[in-house]
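For reference, the structure discussed in these notes is given below.
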2 protein chains.
Amino acid sequence: MDALTIHEAAETTGWSPRMLRYIERMGLVEPERSTGGYRLFGPGELQRLRTLRGLLDEQGLALGEVGFARRLQHDDVLRTAVEDWLEAEPARPAHVPVDDWLTWEQDKHERLVAEAARRADTTATTNLTETL
Amino acid sequence: MDALTIHEAAETTGWSPRMLRYIERMGLVEPERSTGGYRLFGPGELQRLRTLRGLLDEQGLALGEVGFARRLQHDDVLRTAVEDWLEAEPARPAHVPVDDWLTWEQDKHERLVAEAARRADTTATTNLTETL
DNA sequence: GTAACCTTGACACGACCGTGGTAAGGTTAC
DNA sequence: GTAACCTTACCACGGTCGTGTCAAGGTTAC
């Protein structure tokens with residue numbers, strides 16, 4: 001028994017069992033499973049859960065936000081799409097040349113999306129299992 | 001008049017005036033102001049607002065999430081804290097339960113897309129290929 | 001083999017999000 | 001100078017988030 005069950009993990013991390021399942025669903029922690037399907041939290045998961053609490057408190061974050069940051073990190077298409085949009089920020093008083101590069105950026109974005117669609121959800125699963 | 005007022009901007013972007021103010025408060029767009037305080041949307045803002053709609057629909061994002069991504073980009077302390085936590089992923093033999101999260105996200109995306117389709121009339125104006 | 005624990009799924013509920021509306025008052029254009 | 005538009009601020013309302021609890025059933029340990 002080198003791994004804790006959900007109630008034991010709850011006690012040592014301060015999260016409720018309910019929240020441990022929720023956090024898992026967010027993709028923020030992925031405990032092993034016993035043959036019968038019980039979650040088994042190892043030292044890595046426990047540490048992660050404790051520091052997660054600190055992260056949320058210190059940075060004033062919500063679980064969903066950390067989950068989203070994780071998605072941003074793992075999903076290349078998503079990250080690129082968001083970054084592209086964010087990077088097109090100022091460029092206000094000067095009008096003329098901006099239009100050109102805007103449409104260029106836009107094309108770039110459409111190319112990315114098309115590529116994403118081409119290698120559909122197969123890629124999503126591949127990416128994840130790969131990185132995990 | 002080389003910049004549009006909020007109602008004019010609303011018409012050409014498909015967002016409601018209400019939402020344009022909301023989006024500004026999220027920090028996603030910063031229109032100039034007239035001396036009297038009126039918002040003035042230039043070509044850059046208008047383009048940004050149109051592509052924003054596409055970004056949300058195509059990536060299944062919420063406004064708050066894009067706003068958070070922007071915070072992540074601008075706030076070094078925040079970004080570092082989150083990245084540090086995420087990078088400490090416990091080395092784990094890849095396992096199934098990610099699927100749960102994936103299908104959940106997928107469902108969310110489908111819900112969002114469905115909703116987008118429902119208000120298709122407003123969305124029609126948002127066509128990406130349109131320029132100013 | 002049974003008590004204690006685990007699983008998923010559902011209902012519940014306050015808080016916040018996205019969105020619309022309205023009110024009270026200032027700005028712009030002609 | 002007035003009509004039409006803008007500003008901020010507040011109320012409203014369905015939907016989602018974070019969280020608890022309970023139910024029906026499977027697993028584990030002794």
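Just so it is clear, the values below take in all heavy atoms, side chains as well, and ignore hydrogens, waters and symmetry mates. Protein chains get the first letters and strands the later ones, always in sequence-line order, with residue 1 at the start of each.
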Checklist entry - So, Glu8(A) side chain and Thr5(A) main chain: donor-acceptor pair closer than 3.5 Å or not? => result yes

Checklist entry - Rounded to the Å, how far apart are Arg53(B) CZ and dT19(C) C1'? => result 12 Å

Checklist entry - Starting at the 5' end of DNA chain D and moving along, which residue's nearest nucleotide shows up first, Ile6(B) or Trp15(A)? => result Ile6(B)

Checklist entry - Is any side-chain N or O of Ser34(B) closer than 4.0 Å to OP1 or OP2 of dT28(C)? => result yes

Next on the checklist: What is the distance, to the nearest angstrom, from the CG atom on Leu56(B) to the C1' atom on dT19(C)?
Outcome noted: 14 Å

Checklist outcome for this item: The correct list of stems in which DNA chain D takes part (3 or more consecutive Watson-Crick or G-U pairs, distances under 3.5 Å) is C:1-30 with D:1-30

Checklist entry - Short question: side chain of Arg39(A), backbone of Glu32(A) - any donor-acceptor pair under 3.5 Å? => result no

Next on the checklist: Just the rounded figure in Å: distance from P of dA9(D) to CD of Glu24(B).
Outcome noted: 12 Å

Checklist entry - Between dT27(C) atom P and Leu40(B) atom CG, what is the distance in whole Å? => result 14 Å

Next on the checklist: Once hydrogens and angles are ignored, does a donor-acceptor distance under 3.5 Å link the base of dT21(D) to the side chain of Arg18(A)?
Outcome noted: yes

Item to check | Separation of dC17(C) C1' from Phe68(A) CZ (nearest whole Å) | outcome: 15 Å

Checklist entry - Roughly, in whole Å, what's the span from CD in Glu8(A) to P in dA4(C)? => result 15 Å

Checklist entry - Using a cut-off of 4.0 Å on non-hydrogen atoms, how would the nucleic acid contact of Arg25(B) be classed: base, sugar-phosphate, or nothing? => result nothing

Next on the checklist: Measure CD/Glu65(A) against P/dT16(D) and give the value in whole Å, please.
Outcome noted: 18 Å

Checklist entry - Under the 3.5 angstrom rule, does the side chain of Arg70(B) hit a backbone N or O of Gly27(B) as a donor-acceptor pair? => result yes

Next on the checklist: Go nucleotide by nucleotide along DNA chain C from the 5' end; which of Leu63(B) and Gly36(B) gets its closest nucleotide reached first?
Outcome noted: Leu63(B)

Checklist entry - Counting only N and O atoms by type, is there a donor-acceptor contact under 3.5 Å from the side chain of Arg71(B) to the main-chain atoms of Arg79(B)? => result no

Checklist entry - Taking OP1 and OP2 of dT8(D), is either one under 4.0 Å from a side-chain nitrogen or oxygen of Arg39(B)? => result yes

Checklist entry - Think Thr5(A) has a side-chain N or O under 4.0 angstrom from the OP1 or OP2 of dT7(C)? => result no

Next on the checklist: Quick check on DNA chain D: between Tyr38(B) and Pro17(A), whose nearest nucleotide comes earlier from the 5' end?
Outcome noted: Tyr38(B)

Next on the checklist: Checking the side chain of Arg48(B) only, and the main-chain atoms of Leu28(B) only, is there a donor and an acceptor separated by less than 3.5 Å?
Outcome noted: yes

Checklist entry - Closer than 4.0 Å, any side-chain N/O of Ser16(A) to the OP1 or OP2 of dG20(D)? => result yes

Checklist entry - For Glu24(B) and Arg18(B), what are the C-alpha separation, side-chain angles and deciding distance, and is it a salt bridge (Lys or Arg N to Asp or Glu O under 4.0 Å)? => result CA-CA 10 Å; Glu24(B) 179 181 5; Arg18(B) 180 68 163 84; over 6 Å; no

Next on the checklist: What's the closest nucleotide to the side chain of Arg21(B) if the choices are dT7(C), dT8(D), dC5(D)?
Outcome noted: dT8(D)

Next on the checklist: Please determine whether residues Leu40(A) and Leu4(A) belong to a single hydrophobic cluster, defined as Ile, Leu, Val, Met, Phe, Trp and Tyr linked transitively by side-chain heavy-atom distances below 4.5 Å.
Outcome noted: no

Checklist entry - Is it the case that Thr80(A) and Glu83(A) place a side-chain donor and acceptor less than 3.5 Å from each other? => result no

Checklist entry - Separation of Leu4(B) atom CG from dT28(C) atom C1', in whole Å? => result 15 Å

